[in-house]
Protein chains: 2
Amino acid sequence: MTSAEQPASPRKKVGRRPGSADTRLVVLEAARAEFAARGYEKASMRAIGRAAGVDAALLHHYFGTKDRLFLAALEFPVDPQMVVEQVIAGDRATVGERVAGFVLGLWEQPEVLTRMLALVRVAATTEQVAQLMRGFVQEELVRRVAVELDVERPELRTELMISQIVGLAMARYVIGVEPLASATREELLPLLAPTFQRYLTGE
Amino acid sequence: MTSAEQPASPRKKVGRRPGSADTRLVVLEAARAEFAARGYEKASMRAIGRAAGVDAALLHHYFGTKDRLFLAALEFPVDPQMVVEQVIAGDRATVGERVAGFVLGLWEQPEVLTRMLALVRVAATTEQVAQLMRGFVQEELVRRVAVELDVERPELRTELMISQIVGLAMARYVIGVEPLASATREELLPLLAPTFQRYLTGE
DNA sequence: CGAGAAACTCAACACATGATGAATTCCTCT
DNA sequence: AGAGGAATTCATCATGTGTTGAGTTTCTCG
């Protein structure tokens with residue numbers, strides 16, 4: 001039970017608004033937040049509209065269906081090509097540290113964190129999205145990383161690293177277990193780096 | 001076209017059934033499967049009923065509300081006390097291997113896997129369950145494990161291990177990314193064991 | 001055998017949801 | 001200035017949901 005509204009009903013007015021705020025962007029922000037917080041099914045068009053200060057029908061006007069709103073809201077926020085080039089490829093002796101630093105840094109940007117959380121949450125319950133994510137992970141991440149490695153079973157190792165990253169996100173941000181959730185980058189880095197280092201380069 | 005003779009619609013009959021199949025158990029099984037497959041919100045009482053070959057109202061007759069059905073379906077399938085005693089406590093030099101072996105073995109039992117998946121899926125989208133799980137992890141798992149360890153930040157390290165386990169479950173069973181999803185216990189064990197070993201006992 | 005409880009289904013309610021089409025207001029371009 | 005289109009809301013529909021109460025059949029126990 002979470003509805004607290006202003007007593008005076010704000011009485012929206014029909015028709016185009018004066019001025020030119022970029023409503024479309026506001027909607028996307030609201031959608032991201034809502035999807036991240038509640039997952040795909042539970043995030044309702046009406047709630048997203050409300051959060052954006054807009055009627056739900058407008059979302060349909062812009063994006064057609066809820067599916068398409070979701071896709072529009074979730075453009076993957078980082079370019080995997082760049083990540084691989086700048087982080088994985090490079091001095092092999094310190095790759096674990098770089099990966100850990102990169103991931104932890106990424107999560108310190110609120111917009112990125114929001115999108116990642118939305119992805120994880122939704123992938124967990126919506127088969128369609130899980131499938132989409134499987135394809136993305138396999139083709140955009142694993143292949144690109146694995147080719148840089150010089151160990152046996154490079155895909156398996158890459159995926160183990162990713163699984164540690166996803167699990168960490170779940171534990172910190174979805175479940176919110178303490179003290180992990182409040183641990184700083186400086187505390188986590190020395191614990192994570194060796195794990196990634198070993199996954200990627202062997203003993 | 002009003003006379004339905006063939007089982008296009010199987011036409012259930014009202015009233016108590018003859019014989020004595022344990023319907024309550026059938027319902028619980030169906031509920032577990034449905035919750036695991038779709039998550040809490042998307043799993044509908046009607047669908048669970050259908051899967052159990054039973055009217056949705058019967059679920060209410062047995063369990064009252066959907067919440068209570070969910071709780072009844074999800075009794076945690078393993079006793080944490082025993083796990084800690086038999087797995088964590090013990091020869092410190094090989095604890096990582098034991099943990100990895102235990103977890104991988106656990107997931108080979110289909111009923112256990114189903115419940116775990118239901119928990120992960122639901123915790124990802126339903127704040128209430130996430131909260132429940134946070135409490136469980138902190139009080140039933142982390143504290144019991146951490147007290148056995150002889151390293152700095154034992155809770156943090158325990159939680160990192162758990163996060164790797166949860167992430168692995170997501171990657172293998174929820175996302176289903178290959179080759180991780182099809183990797184055998186024998187392939188995974190030597191890669192996971194050192195991770196757990198280091199988390200739990202330091203370098 | 002008979003009564004009462006248990007197991008079971010049916011029909012319905014109250015509500016929330018995604019979607020649509022019409023109506024209104026404003027902006028842009030000639 | 002005026003026309004056409006974009007932005008926006010409103011009312012409404014069809015559907016699916018959790019839940020309830022009443023009715024029917026079978027079991028159990030005296």
Side-chain angles (χ1 to χ4, degrees), chain A residues 1-3 5 9-31 34-35 37-73 122 125-126 128-129, chain B residues 4 7 9-31 34-35 37-73 122 125-126 128-129:
Chain A
M1 309 320 170
T2 49
S3 60
E5 340 199 354
S9 54
R11 259 334 242 152
K12 309 234 176 121
K13 285 218 333 224
V14 70
R16 188 174 190 151
R17 289 173 183 172
S20 60
D22 193 347
T23 312
R24 204 190 141 94
L25 227 110
V26 176
V27 167
L28 277 177
E29 289 286 330
E34 212 70 11
F35 282 132
R38 311 207 203 289
Y40 180 79
E41 341 278 343
K42 211 179 176 184
S44 76
M45 296 297 257
R46 284 168 164 93
I48 295 172
R50 203 178 314 130
V54 141
D55 189 279
L58 187 61
L59 312 194
H60 283 104
H61 174 64
Y62 276 139
F63 302 98
T65 87
K66 189 182 181 183
D67 276 12
R68 289 226 286 281
L69 205 211
F70 180 72
L71 287 183
V122 173
T125 24
T126 307
Q128 228 179 340
V129 177
Chain B
S9 53
R11 262 332 246 153
K12 309 235 180 122
K13 285 220 332 227
V14 71
R16 186 171 191 155
R17 289 174 184 171
S20 60
D22 194 348
T23 311
R24 203 190 141 97
L25 226 112
V26 176
V27 167
L28 277 177
E29 289 287 329
E34 212 70 9
F35 282 132
R38 310 208 204 287
Y40 180 79
E41 340 277 342
K42 211 179 176 184
S44 77
M45 296 298 256
R46 285 170 166 89
I48 295 172
R50 203 177 314 129
V54 142
D55 190 279
L58 188 60
L59 313 194
H60 284 102
H61 174 63
Y62 276 139
F63 302 97
T65 90
K66 188 183 182 183
D67 276 11
R68 289 227 287 280
L69 205 211
F70 180 73
L71 288 183
V122 173
T125 25
T126 306
Q128 229 179 340
V129 177

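Just so we're clear, the structure is a prediction, and the values are computed from it rather than from any experiment. Reminder, nothing fancy here: chain letters follow the sequence lines and each chain counts from 1.
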task = Under the side chain to side chain contact (heavy atoms under 4.5 Å, CB included) rule, collect the residues that match up with B:Ala52, sequence neighbours excluded.
result = B:Val26, B:Val27, B:Ala30, B:Val54
message = Please tell me if A:Thr23 has a side-chain N or O lying less than 4.0 Å from either OP1 or OP2 of D:dA7.
response = no
key: Base-contact (B) and sugar-phosphate-only (S) positions in nucleotides 11-17 of chain D, heavy-atom cut-off under 4.0 Å, - elsewhere   = -B----B
note = Sequence neighbours excluded, the answer for side chain to side chain contact (heavy atoms under 4.5 Å, CB included) partners of B:Ala57 is B:Asp55
Residue list, side chain to side chain donor-acceptor pair (under 3.5 Å) with B:Glu29, at least two apart or on another chain = none
Can you give each donor-acceptor pair under 3.5 Å made by side-chain atoms of residues 41-49 of chain B, sequence neighbours left out, with the distance rounded to 0.1 Å?
from    : atom 1 : to       : atom 2 : distance (Å)
B:Glu41 : OE2    : B:Thr126 : OG1    : 2.8
B:Ser44 : OG     : B:Ala47  : N      : 2.9

task = State which residues pass side chain to side chain contact (heavy atoms under 4.5 Å, CB included) with A:Thr65; sequence neighbours excluded, sorted by chain then number.
result = A:Asp67, A:Arg68
query = OP1, OP2 of C:dA6 versus side-chain N and O of B:Tyr62: anything below 4.0 Å?
reply = no
query = So, is A:His60 near the phosphate of C:dA19, with a side-chain N or O under 4.0 Å from OP1 or OP2?
reply = yes
Every protein N/O lying under 3.5 Å from an N/O of nucleotides 23-26 of chain D:
from   : atom 1 : to      : atom 2 : distance (Å)
D:dT25 : O2     : B:Arg16 : N      : 2.9

ask   = Is there a side-chain contact between B:Val129 and B:Phe70 (heavy atoms, below 4.5 Å)?
value = yes
Minimum side-chain heavy-atom gap B:Tyr62-B:Thr23 below 4.5 Å = yes
task = Mind calculating the distance between CZ (B:Arg24) and P (C:dA7) to the nearest angstrom?
result = 9 Å
ask   = Roughly, in whole Å, what's the span from CG in B:Leu58 to P in D:dT19?
value = 14 Å
task = Respond yes when some side-chain nitrogen or oxygen of A:Thr65 is under 4.0 Å from OP1 or OP2 of C:dG18, and no when none is.
result = no
task = Tell me, please, which residues at least two apart from A:Phe63 pass ring-ring contact (aromatic ring centres under 6.0 Å, His included).
result = none
